[in-house]
K.L.:
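For reference, the structure I am asking about is given below.
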Amino acid sequence: MELQEVLRFADEKVFSKTGKHLDDLQEAILKETLQGRKYATKIAQDRDCSEGYVRVAAAELWKILSEVLGEEVSKGNVRAILERAKFYNHSSAIGENYGTVNHNVNICQERARSPTETPNFQQTSKQPHIDLGDAPEIFTFFDRTSPLSTLENWITHDRTRLIALLGISGIGKTTLSLSLIDRIKTQFDYVIYRSLGFSPTLDATLTNLLQIFSQQSETPQSIETKISHILDYLRKYRCLIVLDDVQMLLGSGQLAGQYKTGYEDYQLFFKLIAEVCHQSCLILNSWEKPREIARLSKDNHPVRCFVLGSLGEAAKEILNSQKLSDEETWSTLIDIYQGNPLWLEFTATLIQELFGGRVSEFLHCEMPILDEGLQSQLSQPFGRLTPAELAVMVHLANQPEPLAVSQIFNKIPFSPSEIVNAVRSIANRFLLDAVEREKITLFSLNPVLKQYVKTQYLSNR
Ligand SMILES: Nc1ncnc2c1ncn2[C@@H]1O[C@H](COP(=O)(O)OP(=O)(O)O)[C@@H](O)[C@H]1O
Ligand SMILES: [Mg+2]
């Protein structure tokens, strides 16, 4: 049986059961395997990705085919199983129930296109149009291998349309997104980075984006037409757009994730990016989780959240670049400052200036010492807290051990509902640590935040 015929059959079977066609990577794996070749090295080289990544994709493919064909499929038996299934399928094709596809579902052609079809949108060029606007220049980038490959996988393999890259200020969102751009830019026709740090209106942001796409100063008047033009571009071209500092669109003195007055229409724009069919990806960087992101990511849309955490051992490179000494104590310093690159940069400068670069001498001080720059960073999210959130933070700062939400009830003058909502909101600002112990979720503040609350809000410090 012809290779192309078997491939087409596999694709049709997968589509009929799942509503999705095989993507390019799955097709390549299948093609190589059907020809009895070892696929991992070649495909990894062709696509400039790791062999491990290809193997994971292959394992996933065998799983899908096993479900679709009703028997255990592996690389060793896939050809035999597909040929047999095709033979029986052909003989019983008349009257066969192909109805497992839900025809009421609007299947996005960009995501579900057969690999054998010719796409009707412009092919991705090797030289994308890149406009990074006011993006900071990245001089050093220490290891973020795992977040980078997860994000790349979401964008390239899963065709995720909207990604929220979240995490406390200074953790490295801007740096990571710019490094991601550098890594995957050749897959796109347009690569755009914009900071929303000065809180531009949606109208201003759309106009700015349209000018990049059309290279003309004339843009449509109405916001609806602007959105519709942007969506046309996102359909026609494969675009990667990073909107940084999205927290600047969100308000203060209210629970996390709510838009400031005059900025609510961003919510609709982001929702449309998630829901409307197109071939592009929008990344939103924020130190506060916008409300609709939580909802959309649960609703089976191609929307994901990535919460960026500690830089881990790689943070030692930061200490090394600041020429600190006592390397054996660096892990302790990194733990105290949560592997937050910005917090560590502030602290390393302080250690260099006042302690001659000696980390162990610095660690003899009562920990943690909060550099003035670090405190000023924290004043931004703290300045947005509601009275109930602040009361929860102050209560938690005084606790030696993590607490369950119910243990905060009656300890501060707010109702249980207000406390529950406040805890969730603080978590959406990435100011809360949660652990699960004996099936109970316990909350606490990390040492830096505890110290900040004590310094700023408790008179006994
Ligand atoms: N992976 C990394 N390697 C080296 N430096 C980093 C890394 N991530 C962040 N930094 C540094 O930490 C600081 C804060 O990073 P940034 O990306 O601006 O954080 P965020 O956008 O989350 O506030 C910057 O000075 C940046 O250079
Ligand atoms: Mg940033």
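Just so you know, ligand 1 is whichever comes first in the structure, and atom 1 is the first atom listed for that ligand. From a predicted model like this one, the values you see are computed outputs, not experimental measurements.
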K.L.:
Salt bridge between Glu60 and Lys63, side-chain N to carboxylate O under 4.0 Å?
P.N.:
no
K.L.:
Has Asn285 got an N/O/S atom less than 2.8 Å from the Mg ion (ligand 2)?
P.N.:
no
K.L.:
Using heavy atoms and a 4.0 Å limit, tell me yes or no: is Gly167 in contact with ligand 1?
P.N.:
no
K.L.:
Taking CD in Glu372 as the centre, count heavy atoms belonging to other residues, nucleotides or ligands within less than 6.0 Å. Is the count above 12?
P.N.:
no
K.L.:
Kindly identify the option in Leu148, Ile168, Thr140, Thr175 whose heavy atom sits closest to atom 15 (O) of ligand 1.
P.N.:
Thr175
K.L.:
Rounded to the nearest 0.5 Å, what separation is found between the CG atom of Asp245 and the OG atom of Ser286?
P.N.:
8.5 Å
K.L.:
Mind checking whether Phe213 and Tyr190 have parallel, tilted or perpendicular rings, split at 30° and 60°?
P.N.:
perpendicular
K.L.:
Around atom CD of Glu328, are there more than 12 heavy atoms from other residues, nucleotides or ligands closer than 6.0 Å?
P.N.:
yes
K.L.:
Considering only non-hydrogen protein atoms, determine which one is nearest to atom 4 (C) of ligand 1 and report residue, atom name and distance to 0.1 Å.
P.N.:
Phe142 CD1, 3.3 Å
K.L.:
For Pro341, is at least one N or O under 3.5 Å away from an N or O on ligand 1?
P.N.:
no
K.L.:
May I ask you to identify, for Leu311, whether its side chain, its backbone, both or neither come under 4.0 Å of ligand 1 on a heavy-atom basis?
P.N.:
side chain
K.L.:
Output yes when the distance from some N or O of ligand 1 to some N or O of Leu176 is under 3.5 Å, and no in every other case.
P.N.:
no
K.L.:
Heavy-atom contacts with Ile171 under 4.0 Å: which atoms of ligand 1 show up? List them by number with element.
P.N.:
19 (O), 22 (O)
K.L.:
At what distance is the nearest protein heavy atom to atom 25 (O) of ligand 1, and which residue and atom is it?
P.N.:
Glu345 OE1, 2.9 Å
K.L.:
For Asp203, does the CG atom have more than 12 heavy-atom neighbours from other residues, nucleotides or ligands under 6.0 Å away?
P.N.:
yes
K.L.:
Looking at Lys316, I want to see if its NZ is surrounded by more than 12 non-hydrogen atoms of other residues, nucleotides or ligands under 6.0 Å.
P.N.:
yes
K.L.:
Mind checking whether Gly172 has an N or O less than 3.5 Å away from an N or O of ligand 1?
P.N.:
yes
K.L.:
Please indicate whether any nitrogen or oxygen in Arg144 is less than 3.5 Å from any nitrogen or oxygen in ligand 1.
P.N.:
no
K.L.:
Looking only at protein heavy atoms, which one is nearest to atom 23 (O) of ligand 1, and what is the separation?
P.N.:
Gly170 N, 2.8 Å
K.L.:
Can you tell me if Ser280 uses its side chain to pair, donor with acceptor, with the backbone of Cys239 under 3.5 Å?
P.N.:
yes
K.L.:
Please list, in number order, the atoms of ligand 1 under 4.0 Å from a heavy atom of Ser169.
P.N.:
23 (O)
K.L.:
Is it the case that atom CZ in Arg424 sees more than 12 heavy atoms from other parts of the structure closer than 6.0 Å?
P.N.:
no
K.L.:
What is the nearest protein non-hydrogen atom to atom 18 (O) of ligand 1, stated with its residue, atom name and distance?
P.N.:
Thr174 CB, 4.0 Å
